[in-house]
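What follows is a set of notes on a single structure, which appears directly below.
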Amino acid sequence: MTKYDPAKIEFKWQEIWEKNKAFEAKDDTTKPKFYALIEFPYPSGDGLHVGHPRSNTAMDIISRKRRMEGYNVLFPIGWDAFGLPTENFAIKNKVHPAVVTERNVNRFREQLKRLGFSFDWSREVNTTDPAYYKWTQWIFLKLYEHGLAYKAEVPINFCVSCKVGLANEEVVGGKCERCDGEVVRRVKSQWMLKITEYAEKLLEGLEEVDYIEKVKTQQRNWIGKSKGAEVDFAIPCINEKLTVFTTRPDTLFGATYMVISPEHPILDRMKEHITNFDEVEAYRAEAIKKSDFERSELNKEKTGVSLKGVVAINPVNNTEIPVWISDYVLMSYGTGAIMAVPAHDERDYEFAKKFDLPIIEVVAGGDIENEAFTDIETGTMVNSDFLNGMSVAEAKEAITKWLAEKGLGKEKINYKLRDWVFSRQRYWGEPIPIIHCEKCGYVPVPYDQLPVTLPDIENYQQSDSGESPLVNIPEWVNTTCPKCNGPAKRETDTMPQWAGSSWYFIRYADPHNDDAMIDKKKAAYWLPVDWYNGGMEHTTLHLLYSRFWHRFLYDIGEIPCKEPYKKRTSHGMILGTDGQKMSKSRGNVINPDDVVDEFGADTFRLYEMFMGAFDQTTPWSEQGVRGCYRFIDRVWKLQELVTDEEEVSEDHRYLVHTTIKKVSEDYESMKYNTAIAQMMTFVNEVNEKGKLSRGDLRVFVKLLNPVAPHIAEEIWEKMNLGEGYLYEQSWPEYDAKYTVKDEIEIAVQINGKVRERLDVPSKYDKKQIEEFVLANEKVQDLIGDKQIRKIIVVPGRLVNIVVG
RNA sequence: GCUGGUGUGGCGAAAUAGGCAGACGCUAUGGACUUAAAAUCCAUUGGUGGCAACACCGUACCGGUUCGAGUCCGGUCACCAGUACCA
């Protein structure tokens with residue numbers, strides 16, 4: 001027999017699959033469809049990382065299995081190619097980002113092809129392709145049209161030394177990711193998307209999808225819905241109301257002071273009345289300069305300044321209470337002002353202790369001498385006039401009603417979720433298709449003029465003012481207003497990397513359509529995605545953003561379903577052999593190419609699936625790969641043991657059927673490691689017997705195919721196991737009656753300890769098992785003359801004899 | 001701090017609904033083959049005691065429920081991930 005030569009057979013089968021268009025999804029709506037999705041990769045200059053194939057292999061297994069089960073499968077691939085690293089590389093090496101992108105994409109494509117994934121390569125999308133981003137821009141215009149895109153002055157992270165606006169994820173430990181320089185907050189006019197308007201829909205949508213619980217929880221936390229009330233406090237000196245949001249209106253009688261955020265606009269209006277305005281101003285300047293990071297980092301010690309000369313009136317008892325400013329109150333949540341109830345809020349308690357402010361208990365049950373009492377289940381209202389004696393829940397309802405009647409407040413729901421900052425002052429992103437006209441204001445680029453393409457430029461460095469490099473290209477910036485034909489300028493901000501990835505899964509269903517984002521019929525057939533696997537690092541933002549866009553497109557009638565992904569699962573990270581996260585600086589990066597060169601793609605895929613539980617973080621092991629290679633090699637050698645028998649052999653009937661069952665079920669629940677363990681057991685047992693039938697091998701090769709498709713196809717062909725290619729075969733089925741043995745070994749316990757093992761006919765019922773066991777000589781010896789008190793029989797498992 | 005998760009041999013890990021803990025793989029040791037090595041194959045491999053059959057101990061720790069607990073309940077500790085003054 002020939003030696004197992006992965007390099008040769010893998011290349012051979014990859015060519016055959018490609019030539020036969022074996023894995024192209026057909027727009028054949030008569031067949032049931034299955035849409036499997038992985039997060040499309042960012043084609044970085046470092047090449048493919050071993051983390052990518054973990055997710056890819058897992059979904060490749062599902063896809064290959066589904067095809068054998070008769071589904072029309074869509075398993076696409078593409079490139080999330082806009083973004084910073086490419087742009088930075090381009091700046092440094094003076095190459096056009098498009099050139100860098102193309103190079104990286106080619107490298108990635110080649111690497112992925114070597115691994116034999118059954119992607120439909122005919123549907124490849126690339127977010128940087130104008131034919132693709134035409135529709136990204138189109139969606140933006142739709143959002144704009146529906147009032148969901150607007151411009152606002154918002155603080156951004158700004159790196160002082162790079163003179164660059166940074167995204168949150170580019171700020172690491174309060175410093176610029178690239179240069180380690182100081183990051184400050186700077187207010188800038190930015191395009192925003194009103195995702196907050198979709199908070200409730202995004203929350204509700206989670207009810208109808210099958211996501212792992214962890215992911216749902218993270219989405220809910222991020223949206224952060226909380227129910228409470230808005231309450232108006234009078235500020236007599238300027239005759240204004242200061243509104244606060246609170247989730248604890250029941251504690252209103254315990255509000256002993258107020259705190260407003262340093263950025264709160266009411267400060268300026270109170271200016272003349274504040275006798276220590278210098279101090280206030282100084283505090284304010286300090287706070288505004290700090291980055292978000294510093295503000296939350298330095299949260300150990302509360303700081304603040306009292307507004308001398310200003311008081312507020314607590315609406316429930318008309319008491320005058322002091323007003324402070326402090327940076328622990330955020331302008332971006334609620335109303336930017338709070339009523340402080342130190343007795344029942346930890347932060348207020350800490351602040352009150354530090355500045356010696358009064359603490360009034362209004363919920364009895366705790367010990368407010370030592371700490372704030374925040375329990376809402378057990379306490380009883382005190383010191384609260386008409387609320388006294390009520391539970392917290394009752395008091396909440398009563399006070400909210402009271403406030404509403406008096407016109408002093410109302411019920412209110414708040415979300416942590418904030419609108420999405422959609423501008424980047426960068427070159428390598430989709431231009432935002434808006435024109436600024438002095439006469440007409442913001443004017444959307446007419447749909448028939450899309451896409452607005454990026455101009456070719458020499459210098460990608462941002463301008464000194466932190467504007468996009470596009471501002472320096474007058475021939476691109478200067479245009480005419482589509483409305484009045486007067487001179488106008490193009491928007492120079494580009495979209496963030498999240499844009500293209502927020503809808504790519506839609507495009508896969510109709511990737512070459514130049515007349516629409518997607519054909520309605522194709523959308524109806526292919527959407528939603530049936531199964532989406534990806535990393536935990538994308539479970540909040542990417543998932544939320546894409547759900548938002550998808551839901552919006554549904555609302556305007558472009559897409560037939562509310563939620564984009566029916567099912568979402570997550571894979572664990574792969575660590576270096578040292579148990580550390582893989583990184584260049586640690587020098588522990590495993591390159592998939594090297595593994596494939598040495599052992600072949602099948603071994604690589606098998607190991608990635610065998611190394612541990614799929615959803616858990618696991619370190620790479622060189623020896624583990626070798627073990628998988630040994631298994632693959634033993635599979636190859638099965639060919640020498642094959643008999644002439646066409647059917648499943650009687651010798652291996654039980655083994656074959658239990659293996660079909662175990663492997664089929666484990667693939668579905670992503671327990672790839674135990675599915676593979678079962679196949680190893682199969683090979684071990686066959687080797688022990690020294691032979692297997694063609695029928696046995698036929699089944700085995702089909703089960704192995706999703707994980708190690710090259711060797712499986714090769715054996716199928718070489719052994720001439722059937723008509724056509726393996727990928728065209730149907731998935732094997734097991735017969736339940738062959739998954740039970742005639743006799744089963746059960747454990748015999750005396751007082752819970754295993755003392756004997758006996759083979760018992762599996763058809764016996766409890767009574768028969770009991771009799772069978774008690775009749776056994778060894779068991780009788782073990783019992784001796786002790787009294788039998790109780791016998792527990794678990795068929796197929798054990799018999800426990802309780803004696804005493 | 002909060003939320004979620006994890007804790008089982010020398011290592012990666014298994015163990016549907018409470019029912020034989022450690023499947024499968026790696027490592028290690030011994031052996032076969034070889035002039036030798038690699039590769040391959042065979043055997044052993046949770047700990048302690050014993051020549052042995054066997055016995056006792058063992059799933060982070062303490063306690064509970066049960067004929068029976070890795071699994072359920074209460075408490076404690078450690079680690080990982082996400083998030084962070086969200087009123």
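Worth saying up front: this structure is predicted, and the values here are computed from it rather than measured. In the text below, chain A, chain B and the rest are named by the order of the sequence lines, each starting its count at 1.
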Testing rC41(B), rG12(B), rG82(B) for proximity to the side chain of Gln218(A), the answer is rG82(B)

Rounding to an integer number of angstrom, what distance separates rG9(B) and rA23(B) when you compare their C1' atoms?
14 Å

Look at the side-chain N and O atoms of Asn673(A) and state whether any lies under 4.0 Å from the OP1 or OP2 oxygen of rG12(B).
no

Nearest-neighbour nucleotide for the Ala613(A) side chain, rC24(B), rU27(B), rA13(B) considered:
rA13(B)

Expressed as a whole number of Å, how far does the C1' atom of rA39(B) sit from that of rC33(B)?
11 Å

Measure from the side chain of Tyr328(A), starting at C-beta and using heavy atoms only, and say which of rC56(B), rG25(B), rC85(B) lies closest.
rC85(B)

Among rC24(B), rU40(B), rG19(B), find the nucleotide with the atom closest to the side chain of Thr681(A).
rC24(B)

How is Gln678(A) classified with respect to the nucleic acid when contacts are heavy atoms under 4.0 Å: base, sugar-phosphate, or nothing?
nothing

Candidates rA14(B), rC67(B), rA87(B) - which lies nearest the side chain of Asp345(A)
rA87(B)

What nucleic acid atoms does Asn221(A) come within less than 4.0 Å of, heavy atoms only: base, sugar-phosphate, or nothing?
sugar-phosphate

Side chain of Met680(A) only, heavy atoms from C-beta on: which candidate in rC85(B), rC24(B), rC56(B) is closest?
rC24(B)

Quick one: on RNA chain B, does Phe610(A) or Ile338(A) contact a more 5' nucleotide (nearest heavy atom)?
Phe610(A)

For the P atoms, the ones on rG31(B) and on rA38(B), what distance do you get once it is rounded to whole angstrom?
14 Å

What does Thr246(A) touch in the nucleic acid at a heavy-atom separation under 4.0 angstrom: a base, only the sugar-phosphate, or nothing?
sugar-phosphate

Report which part of the nucleic acid Lys671(A) touches: base, sugar-phosphate, or nothing (heavy-atom distance under 4.0 Å, all strands).
sugar-phosphate

How would you label the contact of Arg755(A) with the nucleic acid (heavy atoms, under 4.0 Å): base, sugar-phosphate, or nothing?
sugar-phosphate

Could you check whether Lys214(A) gets within reach of a base, just the sugar-phosphate, or nothing at all, counting any heavy atom under 4.0 Å?
sugar-phosphate

Using the rule ring pair (Phe, Tyr, Trp, His ring centres under 6.0 Å), only one of Phe604(A), Phe631(A), Tyr607(A), Tyr629(A) pairs with Phe599(A); which is it?
Tyr629(A)

Assign Gly224(A) to base, sugar-phosphate, or nothing according to its heavy-atom contacts below 4.0 angstrom with the strands shown.
nothing

Picking from rC24(B), rA87(B), rA14(B), the nucleotide nearest the side-chain atoms of Ala677(A) would be rC24(B)

The nucleotide from rA87(B), rA13(B), rC56(B) with an atom nearest the side chain of Lys753(A) is rC56(B)

Starting from the 5' end of RNA chain B, give me the residue, Thr618(A) or Gly336(A), whose nearest nucleotide shows up first.
Thr618(A)

rC61(B) and rA78(B): how far apart are their C1' atoms, nearest whole angstrom?
10 Å

Salt-bridged, Glu200(A) to Lys225(A), with N to O below 4.0 Å?
yes

On a whole-Å scale, what distance lies between the C1' atoms belonging to rG46(B) and rC42(B)?
23 Å

Between rA14(B), rU83(B), rG19(B), which nucleotide gets closest to the side-chain atoms of Thr674(A)?
rA14(B)

Quickly work out the Met609(A) CE to rG12(B) C1' distance and round it to whole Å.
15 Å

Suppose you measure atom C1' in rU45(B) against the same atom in rC26(B); what distance do you get, rounded to whole Å?
12 Å

Check whether any side-chain nitrogen or oxygen of Thr617(A) sits under 4.0 Å from OP1 or OP2 of rU6(B), and answer yes or no.
no

Would you mind classifying the nucleic acid contact of Gln749(A) as base, sugar-phosphate or nothing, using non-hydrogen atoms under 4.0 angstrom?
base

Lys/Arg N to Asp/Glu carboxylate O, Arg568(A) vs Glu39(A), below 4.0 Å:
yes

Checking the side chain of Tyr667(A) only, and the main-chain atoms of Leu703(A) only, is there a donor and an acceptor separated by less than 3.5 Å?
yes

Taking the P atom in each of rA52(B) and rA13(B), what is the distance between them to the nearest angstrom?
34 Å

With a 4.0 Å cut-off on N to O distance, would you call Arg248(A) and Asp250(A) a salt bridge?
yes

Applying a 4.0 Å non-hydrogen cut-off, can you work out what Asn751(A) is touching in the nucleic acid: base, sugar-phosphate, or nothing?
nothing

Pick base, sugar-phosphate or nothing for Ser226(A), based on heavy-atom distances below 4.0 Å to the nucleic acid.
sugar-phosphate

Winner on side-chain proximity to Asp327(A), out of rA87(B), rC85(B), rC26(B), is rC85(B)

Quote, to the nearest angstrom, the C1' distance that separates rC80(B) from rA69(B).
26 Å

Heavy atoms under 4.0 Å, any strand shown: does Arg630(A) hit a base, just sugar-phosphate, or nothing?
sugar-phosphate

Regarding Asp419(A) and Thr196(A), do their side chains bring together a donor and an acceptor under 3.5 Å, going by distance alone?
yes

Do Phe355(A) and Phe351(A) have their ring centres less than 6.0 Å from each other?
yes

Under 4.0 Å between a side-chain nitrogen and a carboxylate oxygen: does that hold for Glu598(A) and Arg626(A)?
yes

